Amino acid sequence: MALEHLRAAEPVNVLSGMPDAVAGKAVALFKGRDLEVVRIPLVAGAGLPMHHVSGEITIHCLYGHLQVHSDGNPAAQLRAGELIYLPGGIAHDLQALEDAVALVTIALNRGCA
């Protein structure tokens, strides 16, 4: 079954179902030509391994407590309502220090001049 993305001008409540949302799977809410928005639930202790994407990203902690490591920077602690920006190509990981939900926005850099 194909993943159903948001339609243009369709509102969505990214906070609904907290903390029950932690039990869910990552969902790409929107993927366009230049931008992708993903909601990532993580149980305490879970995370995403060190990786990078070519475009700029933001990681917004919607719920819980997250830790982000990035290329040579001190670990950043994010709590609900806090956001971090990372330039494109920067290696980073994500760890849930307690049950958490992140909203990740990725600039896809497809053919940008």
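Both backbone and side-chain heavy atoms feed into the values below; hydrogens, waters and symmetry mates do not. We're numbering straight along the sequence, starting at 1. The structure displayed is predicted, hence computed values, not measured ones.
Summarising the geometry, atom CG belonging to Leu108 is positioned 7.5 Å from atom OG belonging to Ser54; distances are rounded to the nearest 0.5 Å. Atom OH in Tyr63 sits 7.5 Å away from atom CD in Glu98 (nearest 0.5 Å). The CD atom of Glu56 sits 10.0 Å away from the OG1 atom of Thr58 when rounded to the nearest 0.5 Å. One distance of note links CZ of Arg79 with SG of Cys61; it measures 8.5 Å at 0.5 Å rounding. Ile59 contributes atom CD1, which lies 7.5 Å from atom CD1 of Ile40 (distance to the nearest 0.5 angstrom).
Cluster membership check: Val37 shares its hydrophobic cluster with Val12, using side-chain heavy-atom separations under 4.5 Å among Ile, Leu, Val, Met, Phe, Trp and Tyr. Tracing side-chain contacts under 4.5 Å through hydrophobic residues (I, L, V, M, F, W, Y), one never reaches Leu94 starting from Leu97; they form parts of separate clusters. At a threshold of 4.5 Å between side-chain heavy atoms, the hydrophobic network of Ile, Leu, Val, Met, Phe, Trp and Tyr places Leu83 and Ile57 in two separate groups. Put simply, Met50 and Val68 are part of two different groups of oily side chains (I, L, V, M, F, W, Y) that touch within less than 4.5 Å, one to the next. Hydrophobic clustering, with ILVMFWY side chains joined whenever heavy atoms are under 4.5 angstrom apart, groups Leu66 together with Leu48.
Residues Val101 and Leu42 fail the side-chain proximity criterion, which asks for heavy atoms closer than 4.5 Å. Taking 4.5 Å as the limit, some side-chain heavy atom of Leu62 sits within range of a side-chain heavy atom of Val14. The shortest distance between side-chain heavy atoms of Leu103 and Val38 does not fall below 4.5 Å. By the 4.5 Å heavy-atom criterion applied to side chains, Phe30 and Glu36 are not counted as neighbours.
Heavy-atom minimum distance, Gln77 versus Glu82: O-OE1, 3.6 Å. Of all non-hydrogen atoms in Gly24 and Pro41, the two that sit nearest each other are O-CG, 3.1 Å.
Inspection of the His51 and His92 side chains reveals an N or O donor paired with an N or O acceptor under 3.5 Å.
Looking only at distances, no side-chain donor or acceptor of Gln67 sits under 3.5 Å from a matching main-chain atom of Ala76. The backbone N or O of Ala44 sits less than 3.5 Å from a side-chain atom of Asp99, completing a donor-acceptor pair.
A side chain to side chain contact (heavy atoms under 4.5 Å, CB included) with Val53 holds for exactly one of Leu86, Ile106, Ile90, Val104; it is Ile106.
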